[in-house]
S.K.: 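Next up is a structure, given as structure tokens.
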Amino acid sequence: MKKIGFFLFVVLVTLSVKAQVYMGGEISLWHNDDADATTFALSPEVGYNFNEKWAVGGNLTFLHQEKEDISSNGFALAPYARYSYYENKVVRLFIDGGLGFSTYKVEDSDNINGFEIGFRPGIAVKLNKHFSLLAKCGFLGYRDDYMYGENGYGFSFTSEDLSFGFHYEF
């Protein structure tokens, strides 16, 4: 039993030396004057770099919207695998492949549960050894009632799919 425990300890130490944990996320606040709607979203992210090419992580999103005296709340959990296909000293290009599960509730109505599966391309700009700025643009995949009740499949590379965030690597 001691040998198994020692072996697991050595494996974990080896992985932690070669890999890095990162944390970050996104935040947004938007008010639409025409619809008199305010939307707030908070999306922390945690991940683990296995090596220079592969990482796994996940986002946990909270969304709140007020529109004409009606409020709605949404939650989403979106794990992903990240493949970095280009990197130099400052810039890294990557693609996230993953799935997401969400629940969304509009006041005085039932919950809407949904999911998505697809890919998101992105870019990371390294500011120093620990901090990076990230941008993701687009989505290629399938959604069924995900967050806003969207259904369908395809690709979208519009400014509405553009998100900015940051990462702190330990």
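Bear in mind the structure is a predicted one, so any value in this text is a computation, not a measurement.
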S.K.: Under 3.5 Å, which donor-acceptor pairs do the side chains of residues 132-140 form with other protein atoms, sequence neighbours left out?
M.R.:
| unit_1 | atom_1 | unit_2 | atom_2 | d |
| --- | --- | --- | --- | --- |
| Lys136 | NZ | Asp96 | OD2 | 3.4 |

S.K.: Step through the shown structure and confirm whether more than 12 heavy atoms of other residues, nucleotides or ligands are within 6.0 Å of NZ on Lys105.
M.R.: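 Counting other residues, nucleotides and ligands, NZ of Lys105 exceeds 12 neighbours.
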
S.K.: Indicate, with yes or no, if Ile27 and Leu29 share a hydrophobic cluster defined by side-chain heavy-atom contacts under 4.5 Å among Ile, Leu, Val, Met, Phe, Trp and Tyr.
M.R.: yes

S.K.: Just by distance, do the side chain of Asn128 and the backbone of His130 share a donor-acceptor pair under 3.5 Å?
M.R.: yes

S.K.: Can you name the residues that form a side-chain hydrogen bond (donor to acceptor under 3.5 Å, both in side chains) with Glu169, not counting sequence neighbours?
M.R.: none

S.K.: Only counting residues at least two apart or in another chain, list the ones meeting side-chain hydrogen bond (donor to acceptor under 3.5 Å, both in side chains) with Tyr85.
M.R.: none

S.K.: Output every pair passing salt bridge (Lys or Arg N to Asp or Glu O under 4.0 Å) with a member in residues 122-132, not counting sequence neighbours, ordered by first then second residue.
M.R.: none

S.K.: Sequence neighbours left out, what passes side-chain hydrogen bond (donor to acceptor under 3.5 Å, both in side chains) with Tyr22? Give chain and number order.
M.R.: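 Per chain and number, Tyr22 pairs via side-chain hydrogen bond (donor to acceptor under 3.5 Å, both in side chains) with Tyr80.
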
S.K.: When you measure from the side chain of Asn151 to the backbone N and O of Asp145, does any donor-acceptor pair fall under 3.5 Å?
M.R.: yes

S.K.: Using 30° and 60° as the class limits, which term best fits the ring planes of His64 and Phe62: parallel, tilted or perpendicular?
M.R.: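 Parallel, since the angle between the ring planes stays under 30°.
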
S.K.: Going by an N to O cut-off under 4.0 Å, is there a salt bridge joining Arg82 and Glu52?
M.R.: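 Result for this pair is no, no salt bridge flagged.
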
S.K.: Determine whether the aromatic ring centres of residues Phe131 and Tyr168 are separated by less than 6.0 angstrom.
M.R.: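 Judged by ring-centre distance (under 6.0 Å), Tyr168 and Phe131 do meet the cut-off.
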
S.K.: Sub-3.5 Å donor-acceptor pair from the side chain of Asn59 to the main-chain atoms of Thr61, do we have one?
M.R.: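 Judged by distance alone, no pair lies under 3.5 Å.
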
S.K.: Can you name the side-chain hydrogen bond (donor to acceptor under 3.5 Å, both in side chains) partners of Glu107, sequence neighbours left out?
M.R.: Ser71

